[in-house]
Amino acid sequence: MTAKRIVAAKRDHHLSDLSFLLVQALNGLASASSLFIIAAGLTIVFGVTRIVNFAHGSFYMLGAYFGVTLIPRLLDVSSSFPMFLAGVLAAALGVGLIGVAMELVLLRRIYKVPELFQLLATFGVVLAVQDLVLKIWGPLDILGPRAPGLRGAVDILGHRFPSYELFLIAMGPLVLGALWLLMHKTRFGVLVRAATQDREMVGALGVNQALLFTGALFLGAALAGLGGALQTPKLAANPHMDISVIAEAFVVTVVGGMGSVPGAFLAALLIAELQAFGILIFPKITLVLVFLLMALVLVVRPWGLMGRPEAGQARVVLPEGIVRLQRFGRAEHVAVAAAGVILLALPLVGDAYAIKVAIEVLAFALAAFSLNFLIGVGGIVSFGHAAYFGLGAYAAGLMVTRLGLPMEPALIAAPVIAGLGAALFGFFVVRLTGIYLAMLTLAFAQIVYAVAFQWVEVTGGDNGVVGVWPSRWAGGRTTYYYLALVVVAAAVVLLRRGIYAPFGYTLRAARDSAVRADAIGIDVRTHRWLAFTIAGAAAGLAGGLFAFSKGSIDPTLISIPMSVDFLVMTLLGGVQTVVGPLVGAAAFHSIRDLLMPLTDYWRLLLGLAIIAIVLAFPRGIVGGALLLRSRLGWDDAVARARARTPA
Amino acid sequence: MSLLAAEGLDKSFGGVVAARNVTFAVEAGKLLAIIGPNGAGKSTIFNMVGGQLRPDAGRVMLAGHDITGLAPRRIWRLGVGRTFQVAQTFVSMTVAENVQMALISRHGRTRAWWPDASGLYREEAIALLDRVGMSANAERPSSELAYGDVKRVELAVALAGAPKLLLMDEPTAGMAPKERAQLMELVHGIARERGLGVLFTEHDMDAVFAHADDIIVLVRGEIIAAGRPDEVRANARVREVYLGGSGGADGGPARTSATAG
């Protein structure tokens, strides 16, 4: 109580102290500069290539590591500010070259694939780079040397303010000015702007697109590298900085308008100041504030503060997802029966460890299935499905540990709470489409993550909560396995039924042509919202089951990598099929479980595997099997289905 | 009382006037064509009637009810079926399923979770497809169809709502001449037998003069002539827009506004 009062008193004092507010505003400006430099690169790359590059965070991280490696060596030669600057620029340049390599090796091959695959492929790079960075620089934080000449502080109305921060404040407008000159005074810059506004036109004008795209990646990566290297004197290079920065950079680009450099500047200012002052007023929910701002902007101005609405596609394209609903034939019924027998018999033949893995597979399978209910059927590419899995897990876990309730009501609360969360977020999400929708789902997932992370008294923060155990009757591993099997099977059967029912058809209709659906009396938004809520509830149920199998909950259940895992499972099984995600979840989790203990490079392998799937195997396991079957001429109906889908 | 009455519709986009004081009426069982050069505002008027756009001023009355600014799905429920300039079908569904989807919606069962949708309202769907000459293609995926056939499916989908009024935005665009004549015959026949009002835009003058009961001519968002086909054909200003000078429809508006001013 006393401590709280002191904090409150301090806060009141701070808020009434003008000079303190000024310093706080300057702090905000310094972070705004860094944020802008990073986000400008992301937005330029998006403008030209229309790819949202997750690996931009990796570029930033590499910039920091290059910085802490190069700058000390240069300062050894001569300890001067120009040498420091040379080191920073060399780091940026090096990262720019890595960007070029990424464009040449990967991006070039995926410009035409659906957004979902692009996002995942670039996330594959994120995973691969994480392991490489760990291998090269080790897991410990590395702080860079301070800049000669800027090591001290200046006095601002009685507060000491670091000179280096003032230098950072100047860098933002400086980079903005340099980019303005580049964009308006050079041929390259004019082409970048033209491509951002109308990519097809630039192609039609006979511009060397390959060079333009490579150039954009160089510029974008170099800016991220610059942002990373500039941070090194105040923020140690560490192997987690990629994910934390990418979420913020996404928010800045989306709020500013994707493709707009001035928009990124404005948004960076807004967000950095929101954080600087938000921490005084709402110290617990600074992360939430940022994502709330993004959600608000996306709902009011879906194309961002200074962006332009994308011109709609006039041509009719086949949607990514389920194009032809396969019905179970004899082969499928045999396969399902066989799977049922194996699942039922598993506890008889498998050891305790196998059962544990199987329970996890069941939970993931339901989550992946519910995700493909959104992606494959509804065309709603959610990049934050872990939010609802996590909500379910936390709802169940907290009810048991904090309220002392038994497992049964907790397992009912899991889907209910997750469904309510999905209904709330979904209300906003279904107003958007495409990449903006994906970004908003990501933002909402980050809000849930931030709450779980920051609300320590209730959620246990980073450590989470332990002691989430099932009721006594279900406490045995085998019993709990059968419980999970029954629950998951029932949920999957129910969801699958919905896909073949009018509701599923209506979702596909809305996905295929929202205009046509509206013109035959379908309330597109409401149906999409219902689907989002239902899928969220199903994911929540999966999360609840998972929490009881683990005996604990922690924020990784809600993290971006978790959302990506669900996407990979779905993709691995095949987004164009109904049962694919179940197979994908089983394959993904079993492989992970087999390989993880054997290698230090699990993420590298996973990243490369994701890229390989996107490049070579976009239909997934079940989609691939159907294709194989039709190639062999086993199935007439499948052959017809294939003929409709352009390869 | 007319089936459809547009009263003084205005719409502009920024500074561009797309419709100015547009007034017309469609009677049950009659075909009304809107013609005019590119950019005259035909699609804008269509979208104001269909609910895709809200007029800046004016009213749209359907059988005496004010439907101005209602969402397309509500207008559909009140008995307006429409087809689009670029045909819109559900590409992941078969031809029959496209029509069944519209029937499911008409019967208010889009949220049903249990029945198998592929078996619902099938006979009704096949009957509608039969009427537009597409029942033999019922099981084909709609994404495989030739464009002319897609337009027929769209017509069947529009009819599935049991409409009183059909809105057809360039029903024959992108079709071969022979197909065009057949489709217009079909539409005309259906309108007569069901007593439907039809509002359509069209660039193909043969189709317009062969089938429209009435024609309105739109230039730069304004109606410059209206009446029976022979009256419109004889109208001096229309002749100027369509036949004057180099004869290109696109060359027309500037001259027309010169005469108007």
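Residue numbers start from 1 in every chain, and the chains themselves are labelled A, B, ... in the order their sequence lines are given, proteins ahead of strands.
Atom CZ of B/Arg74 sits in a sparse spot, with 12 or fewer heavy atoms from other residues, nucleotides or ligands closer than 6.0 Å. For B/Lys30, the NZ atom counts as loosely surrounded, since its 6.0 Å shell holds 12 or fewer non-hydrogen atoms of other residues, nucleotides or ligands. Within 6.0 Å of the NE2 atom in B/His107, the count of heavy atoms belonging to other residues, nucleotides or ligands exceeds 12. Annotation: B/Glu123, atom CD; neighbour count of heavy atoms from other residues, nucleotides and ligands within 6.0 Å does not exceed 12. Other residues, nucleotides and ligands contribute more than 12 heavy atoms inside 6.0 Å of the CZ atom of A/Phe328.
In this structure, the portions of A/Leu495 lying under 4.5 Å from any heavy atom of chain B include both its backbone and its side chain. Contact of B/Glu97 with chain A is made through the side chain alone, with heavy-atom distances under 4.5 Å. Only the side chain of A/Leu530 comes within less than 4.5 Å of a heavy atom of chain B; its backbone N, CA, C and O stay farther away.
At least one test fails for A/Arg497 against the ring of B/Trp113: distance under 6.0 Å to the centre or angle within 45° of the axis.
Heavy-atom pairs under 4.5 Å with chain A were tallied for B/Ser118, B/Gly119, B/Gly161, B/Ala160; the largest tally goes to B/Ser118. Of the residues considered (A/Ala517, A/Gly321, A/Gly504, A/Ala510), A/Ala517 shows the highest number of contacts with chain B, using heavy-atom pairs under 4.5 Å. Highest contact tally toward chain A, considering only B/Ala102, B/Gly50, B/Ala117, is held by B/Ala117 [criterion: heavy-atom pairs under 4.5 Å].
For the atom pair CG of A/Asp518 and CH2 of B/Trp76, the computed distance is 11.0 Å after rounding to the nearest 0.5 Å. Atom-to-atom distance recorded for B/Ser105:OG and A/Ile522:CD1 is 5.0 Å, nearest 0.5 angstrom.
B/Thr110 places none of its side-chain heavy atoms less than 4.5 Å from the side chain of A/Pro502. For the pair B/Thr94 and A/Arg324, the minimum side-chain heavy-atom distance is below 4.5 Å. Looking at heavy atoms from C-beta onward, B/Arg73 lies out of side-chain contact with A/Val524 at the 4.5 angstrom threshold. Residues B/Arg109 and A/Thr506 are not in side-chain contact: their nearest non-hydrogen atoms beyond the backbone lie 4.5 Å or more apart. Within the 4.5 Å cutoff, no side-chain heavy atoms of B/Met101 are placed close to those of A/Arg508.
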### Test salt bridge (charged side-chain N to carboxylate O under 4.0 Å, His left out) applied to A/Asp523 and B/Arg111, step by step
CA-CA 10 Å; A/Asp523 185 343; B/Arg111 290 178 199 180; 5.2 Å; no
### Message
Please determine whether side-chain contact (heavy atoms from CB on, under 4.5 Å) holds for the pair B/Glu154 and A/Arg516, giving the CA-CA distance in whole Å, both sets of side-chain angles, and the decisive distance to 0.1 Å.
### Response
CA-CA 9 Å; B/Glu154 236 199 343; A/Arg516 164 51 70 202; 2.8 Å; yes
### Message
Before you tell me yes or no, could you show the steps for A/Ser513 and B/Phe84 under side-chain contact (heavy atoms from CB on, under 4.5 Å), namely the whole-Å CA-CA distance, both residues' side-chain angles and the distance that decides it to 0.1 Å?
### Response
CA-CA 12 Å; A/Ser513 169; B/Phe84 292 86; over 6 Å; no
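With respect to the salt-bridge test (charged N to carboxylate O, under 4.0 angstrom), the residues B/Asp116 and A/Arg327 qualify.
With 3.5 Å as the limit, one finds a donor-acceptor pair spanning the side chains of B/Ser92 and A/Arg511.
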